[in-house]
Amino acid sequence: NIVVFAAFITLMIFGILNVLTAVFVEAASAIADVDRDLVVQQMMEQNMTTINALKELFKKADLDGTGGISRTELEKALANEETLAYLQTLGVAVSEARSFFTLLDLEGNDEVGIEEF
């Protein structure tokens, strides 16, 4: 009788521990999903901030106010220390900025409009 009772108690404790483990694992999984969503949201916000900052940089580079920047305006902007510092914080080299301008110049007229940007 005592052996059967001890086996019963052992199995019950084992079952309760399995249920508690499942609850903790489920809670941890839910927290991981929320963390992943927060990381994605933060990355999207950071990308929007970067895009808005680049648009402001674009507007500053548009010296003649045409709504686009020419290659000459780009070169003047790239000679500006503030512009260079900002590009450096983004991890963009001057040569990459020039290549990016060439890629965006879809019409091949050495001018990139804000809509192309």
Side-chain angles (χ1 to χ4, degrees):
N1 278 339
I2 293 177
V3 172
V4 172
F5 183 71
F8 174 76
I9 295 296
T10 302
L11 288 174
M12 287 289 113
I13 291 174
F14 183 70
I16 291 171
L17 288 176
N18 278 338
V19 170
L20 288 175
T21 301
V23 169
F24 285 124
V25 167
E26 181 65 30
S29 177
I31 290 171
D33 288 342
V34 170
D35 283 347
R36 188 174 324 121
D37 291 342
L38 288 174
V39 168
V40 168
Q41 183 179 7
Q42 287 174 344
M43 289 180 73
M44 288 174 59
E45 288 173 2
Q46 183 179 7
N47 287 343
M48 286 307 297
T49 301
T50 302
I51 288 170
N52 290 335
L54 287 173
K55 284 183 180 180
E56 285 301 313
L57 195 63
F58 186 94
K59 289 177 185 176
K60 286 181 185 177
D62 182 19
L63 300 175
D64 57 6
T66 59
I69 60 172
S70 65
R71 187 165 301 276
T72 305
E73 290 173 321
L74 173 71
E75 292 302 326
K76 286 180 183 175
L78 292 176
N80 182 327
E81 291 295 323
E82 182 181 338
T83 303
L84 290 176
Y86 186 72
L87 289 175
Q88 189 175 18
T89 62
L90 293 175
V92 177
V94 172
S95 62
E96 291 172 329
R98 288 184 180 114
S99 298
F100 187 59
F101 180 89
T102 303
L103 285 173
L104 291 177
D105 184 17
L106 300 175
E107 297 170 3
N109 59 357
D110 277 347
E111 187 162 322
V112 174
I114 190 73
E115 65 278 349
E116 292 172 305
F117 184 72

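Start at 1 with the first residue, then count along the sequence.
- Side-chain atoms of Leu57 and Leu54, non-hydrogen and from C-beta on, do get closer than 4.5 Å to each other.
- The side-chain heavy atoms of Glu111 and Thr66, taken from C-beta on, include a pair separated by under 4.5 Å.
- Taken from NZ in Lys76 to CG in Asn80, the straight-line distance is 12.5 Å, to the nearest 0.5 Å.
- At distances below 3.5 Å, at least one donor-acceptor pair connects side-chain atoms of Ser99 with backbone N or O atoms of Ser95.
- Evaluation of the salt bridge (Lys or Arg N to Asp or Glu O under 4.0 Å) test over residues 62-72, restricted to residues two or more places apart or in two chains, returns Arg71-Asp110.
- Shown are Thr10, Ile9, Ile16; of these, the side-chain contact (heavy atoms from CB on, under 4.5 Å) with Ile13 is made only by Ile9.
- Applying the salt bridge (Lys or Arg N to Asp or Glu O under 4.0 Å) definition to pairs two or more places apart or across chains, those involving residues 90-102 are Glu75-Arg98.
- Distance check, rounded to the nearest 0.5 Å: CG of Leu87 to CD of Glu82 gives 10.5 Å.
- Sorted pairs that involve residues 10-28 and meet salt bridge (Lys or Arg N to Asp or Glu O under 4.0 Å), not counting sequence neighbours, are lacking altogether.
- Hydrophobic clustering, with ILVMFWY side chains joined whenever heavy atoms are under 4.5 angstrom apart, keeps Tyr86 apart from Leu63.
- Residues Leu17 and Phe24 do not share a hydrophobic cluster, defined by chaining ILVMFWY side chains whose heavy atoms lie under 4.5 Å apart.
- Looking at every heavy atom in both residues, Phe58 comes nearest to Val112 through CZ-O, 3.2 Å.
- Under the 3.5 Å distance criterion, the side-chain polar atoms of Asp105 are matched with a main-chain donor or acceptor of Asn109.
- Remark: side-chain polar atoms of Asn52 are paired, donor with acceptor, to backbone N or O of Met48 under 3.5 angstrom.
- For the atom pair Glu56 CD and Lys60 NZ, the distance stands at 7.0 Å (nearest 0.5 Å).
- No single ILVMFWY cluster, assembled from side-chain heavy atoms under 4.5 Å apart, contains both Leu78 and Leu103.
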